[in-house]
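In the text below, chain A, chain B and the rest are named by the order of the sequence lines, each starting its count at 1.
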Amino acid sequence: MFQAPRGTADRLPAEQKYWRYIESKAVALAQSYGFGRIDSPVFEDAGLFVRSVGEGTDIVEKEMYTFEDRGGDLVTLRPEGTAPVCRAYLEHGMHNLPQPVRLYYFCPVFRYERPQAGRFRQHHQFGVEVLGDANPAVDAEVIELAWRLMHSLGLTGIRLLLNSIGDRESRPQHVAALQAYYSDHYASLCSDCRNRLERNPLRLLDCKAETCRSLGDAAPRSVDYLDPDSREHWDQLREYLAALAIPFQVDHRLVRGLDYYSRTVFEIQPAVEGGAQSTICGGGRYDGLMEQLGGRPTPGIGFGSGLERLTLNLKRSEVAVPEEPSPQYLVANVGEAARGPALELASRIRRAGAGAILSSGARALRGQMRQANALGIPAVAILGDDEISRGEVVIRDMLTSTQETLALSDFLEKLTASPE
RNA sequence: GCGAGCGUAGCCAAGAGGCCUAAGGCGCCUGUCUGUGGCACAGGAGAUCACGGGUUCGAAUCCCGUCGCUCGCCCCA
């Protein structure tokens, strides 16, 4: 037997209501901020991601699905959402549109990872990007959108973590300061951190080991290395967020794994954490990215949010999610002769706008009623030889257990008059 | 990529070397109820016990490998 590839999953009908729910909330919210939808290809030139995400990052080093196609082009299954949007901005000359350009997307994302709860090889993201405006008010707007999305979904008790990691000039200074600081405390570092010290010093801030943690509290902070403009940006952003009454926690340990981030970075996490994969939304500013991709300097900021993780949290916090709409009628039919008329009646009900399931007439009426009950269908239309010969139909209300016999024409007229 | 746990029908699950041609529950189908659901009762279908190899007279049960899931590391949504 075949099974779905590791780290991928089928999304069965029972799961769909969560996705529709998230999509409808996200779309409504994004539209209210003036965002337009963009869909980009599932695969891109491999160079796009190497250039944007960064050569030394885990994503590029060991997680990309990259392959040569039959024509010899090196292509990569999209490992994140921002770079393709920036590519599209440049390719279509969107700098000629009124700035900033606001785009949102839903897309599958591919990373060759070891699957776990909340972590897959194919997952799906909702994301937004604002391109062409460096003002911290835009940061505040984007963060507000993310924050409100979580709340409109019914996810409460979440926390917003915020940091500023400076720009390409200030970051190396911060890293150097970190290395100096941790070198002084080398003896009390855990073995992992001793290794990280050279390779990825920012990661030491994240270490869960007790001693490293307390060291992290006093470690050099990126916000103390900001250039004056970034400093100003940082101060204003916090003011704006306060004015919007969005509670945030400054987290000096928050560093993100994609190279293109500058200045603002943020994450949203559920308060009750289940496992390590708890971030449900992450993003930040990337003012240098467009240049990296060969465009003129264009600031940008955005976030991505994982639909699988959002769904996981909706279930964990038992949010009531609306059911998918189901048909109003089941058309039961008794006897071979009723099959044709039943097929026709079901079709007419649908054209009247109500939705109908044609029951399997191979079953006894009893079985067809059971089917209606099991499917939660509120009304059954019953057609048998008697009804057909008289041009009638029995309509049974499954909720009140009452039924009436109507002329077929009257029933259809009523339907059209009051479509659900 | 590294470390750990787990894997019995669609789902939950008993079982710990022969009593397993694998219990029970949910769900599905049928009947009791000749054209009327939910409840109850009865019956039925559905499992090469994840896959492959090994040990043994004998393996769902022990060993090894593979695959998958879960947890931690790493990283991220």
In whole Å, I'd like the distance from the CD atom of A:Gln122 to the C1' atom of B:G68. 17 Å

Given the P atoms of B:C2 and B:C63, what is the spacing between them in whole Å? 22 Å

Distance between P atoms of B:G68 and B:C51 (Å, rounded): 15 Å

Measuring only the C1' atom in each nucleotide, how far is B:C20 from B:A77? A whole number of Å is fine. 46 Å

Any side-chain donor paired with an acceptor under 3.5 Å for A:His233 and A:Asp139? yes

Indicate whether any N or O donor in one side chain lies under 3.5 Å from an N or O acceptor in the other, for A:Asp259 and A:Thr57. no

How many whole angstroms separate atom CG of A:Asp386 from atom C1' of B:U36? 14 Å

Rounded to the nearest 0.5 Å, how far does OG of A:Ser52 lie from CG of A:Leu258? 8.0 Å

What integer number of Å spans the P atoms of B:U32 and B:G18? 44 Å

Quick one: label A:Gly283 by what it contacts on the DNA or RNA (base, sugar-phosphate, nothing), any heavy atom closer than 4.0 Å. nothing

Measure the distance from CG on A:Asn373 to P on B:A40 and round it to the nearest whole Å. 13 Å

Looking at A:Pro79, is its backbone amide N or carbonyl O close enough to the side chain of A:Arg111 to form a donor-acceptor pair, meaning the two atoms are under 3.5 Å apart? yes

For atom P, what is the distance between B:A4 and B:G54, given to the nearest Å? 26 Å

Using atom C1' in both nucleotides, what's the gap between B:G72 and B:A22 to the nearest angstrom? 35 Å

Are A:Tyr104 and A:Phe35 close enough that their ring centres sit under 6.0 Å apart? no

Using atom P in both nucleotides, what's the gap between B:A14 and B:A50 to the nearest angstrom? 14 Å

Mind checking whether A:Arg11 and A:His124 have side chains closer than 4.5 Å, heavy atoms only? yes

Tell which nucleotide pairs with B:C20, taking only Watson-Crick or G-U wobble pairs whose two distances are both under 3.5 angstrom. none

Rounded distance (Å) that lies between atom P of B:G1 and atom CD of A:Glu61: 15 Å

Which atom pairs, one a donor and one an acceptor, fall under 3.5 Å between side chains of residues 26-34 of chain A and the rest of the protein, sequence neighbours left out?
{"unit_1": "A:Ser32", "atom_1": "OG", "unit_2": "A:Leu29", "atom_2": "O", "d": "2.7"}
{"unit_1": "A:Tyr33", "atom_1": "OH", "unit_2": "A:Glu144", "atom_2": "OE1", "d": "2.8"}
{"unit_1": "A:Tyr33", "atom_1": "OH", "unit_2": "A:Arg148", "atom_2": "NH1", "d": "3.2"}

Pair A:Phe43 + A:Phe49: ring centers closer than 6.0 Å: no

Separation of A:His123 atom NE2 from B:C75 atom C1', in whole Å? 12 Å

Under 3.5 Å for both donor-acceptor distances, Watson-Crick or wobble: does B:G38 have a partner, and if so which one? none

Is A:Arg119 near enough to B:C75 that one of its side-chain N or O atoms lies under 4.0 angstrom from OP1 or OP2? no

Shorter than 3.5 Å, N or O on both sides, protein versus nucleotides 26-29 of chain B: list them out with atom names.
{"unit_1": "B:C29", "atom_1": "OP1", "unit_2": "A:Arg363", "atom_2": "NH2", "d": "2.5"}

CG of A:Leu330 versus C1' of B:G35: gap in Å, rounded? 15 Å

Shortest side-chain distance from A:Ala117, nucleotide among B:U36, B:U70, B:A77: B:U70

I'd like the C1' distance from B:G31 over to B:U48, given in whole Å. 32 Å

For the pair A:Glu113 and A:Lys62, find out whether any cationic side-chain nitrogen is under 4.0 Å from an anionic carboxylate oxygen. no

Donor-acceptor pair (no angle test) under 3.5 Å: A:Arg366 side chain, B:U32 base: yes

B:G68 C1' sits how many Å from A:Arg121 CZ, rounded? 11 Å

Mind listing the closest non-hydrogen atom pair of A:Asp39 and A:Phe106 along with its distance? OD1-O, 4.0 Å

What one-letter contact string describes nucleotides 2-8 of chain B from 5' to 3', where B marks a base within less than 4.0 Å of any protein heavy atom, S marks contact via sugar-phosphate atoms alone, and - marks no contact? BBB----

A:Pro115 or A:Ile377, whichever maps to the more 5' nucleotide of RNA chain B: A:Ile377

Tell me which residues in residues 390-409 of chain A put a heavy atom below 4.0 Å from RNA chain B, sorted by number, or none. A:Arg396, A:Met398, A:Ser401, A:Gln403

For A:Tyr21 and A:Glu324, which I'm curious about, is there any donor-acceptor pair between the side chains at under 3.5 Å? no

Can A:Thr82 and A:Glu129 be counted as having a side-chain donor-acceptor contact under 3.5 angstrom? yes

Touch check for A:Glu387, heavy atoms < 4.0 angstrom, all strands: base, sugar-phosphate only, or nothing? base

Pairing check on B:G68: which nucleotide meets the Watson-Crick or G-U wobble criteria with it, both distances under 3.5 Å? B:C6

Length of the line joining A:Leu12:CG and B:G10:C1', which is rounded to integer Å: 11 Å

Stepwise salt bridge (Lys or Arg N to Asp or Glu O under 4.0 Å) check, A:Glu267 with A:Arg309: CA-CA 13 Å; A:Glu267 279 186 10; A:Arg309 287 190 188 173; over 6 Å; no

Between residues 100-112 of chain A and RNA chain B, which residues have a heavy-atom gap below 4.0 Å? A:Arg111, A:Tyr112

Which nucleotide in the set B:G68, B:U70, B:G35 lies at the smallest distance from any side-chain heavy atom of A:Gln3? B:G68

If we ignore angles and hydrogens, is there a donor and acceptor under 3.5 Å between the side chains of A:Gln122 and A:Thr8? no

Should B:G27 form a Watson-Crick or G-U wobble pair with both distances under 3.5 Å, which nucleotide is its partner? none

Nearest to the A:Glu113 side chain among B:C71, B:G37, B:C75, which nucleotide is it? B:C75

Toward the 5' end of RNA chain B, which comes first, A:Phe120 or A:Arg6, by nearest nucleotide? A:Arg6

Under 4.0 angstrom, heavy atoms only, what part of the nucleic acid is A:Ile382 near: base, sugar-phosphate, or nothing? base

Residues that A:Thr400 engages under side-chain contact (heavy atoms from CB on, under 4.5 Å), provided they are two or more places apart: A:Asp397, A:Thr402

Verify whether one side chain among A:Arg363 and A:Ser359 offers a donor that lies under 3.5 Å from an acceptor in the other. no

Any side-chain donor paired with an acceptor under 3.5 Å for A:Arg51 and A:Gln292? no

Applying a 3.5 Å limit to both distances, which nucleotide forms a Watson-Crick or G-U wobble pair with B:A47? none

